[in-house]
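Report on the structure given below.
Atoms considered below: every heavy atom in the structure, side chains included; atoms not considered: hydrogens, waters and symmetry mates. Here the structure is a predicted model, which is why all the values come from computation and not from measurement.
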Amino acid sequence: MSASQKPIRLPPLKILRVRNPNGQQERPCVTVMSSVLACWASSGYNTAGCASVEQALRNCMDGPQPPKPRSNEINYHLARFKSKLTYQQKKKK
């Protein structure tokens with residue numbers, strides 16, 4: 001870093017955390033559940049006409065869970081570097 005550049009000053013933070021660094025989680029049963037709800041809405045909550053869709057939802061919910069993806073370690077590293085950050089101090093009046 002050259003002498004003419006000032007260091008970046010961040011506002012004070014109690015906890016340094018990144019929200020949802022991995023993006024959206026995949027939810028495989030949401031589409032089946034929405035089709036069950038649509039079937040119930042179209043048939044007036046009659047379970048006789050929607051039995052096959054309800055069974056598909058049960059199979060999806062009771063089926064094996066997909067393996068959890070490895071968690072992102074960015075929050076761990078941000079917490080490690082918190083002590084090395086410089087904060088802008090508020091001026092007292």
Contacts of T31 meeting side-chain contact (heavy atoms from CB on, under 4.5 Å) (sequence neighbours excluded), chain-then-number -> none
Least distance between heavy atoms, S43 atom then C50 atom
OG-SG, 3.6 Å
Just how far is it from atom OG of S52 to atom CG of L57, taken to the nearest 0.5 Å?
11.5 Å
Going by side-chain hydrogen bond (donor to acceptor under 3.5 Å, both in side chains), name the pairs with one or both residues in residues 32-41, residues two or more places apart or in two chains.
W40-E54
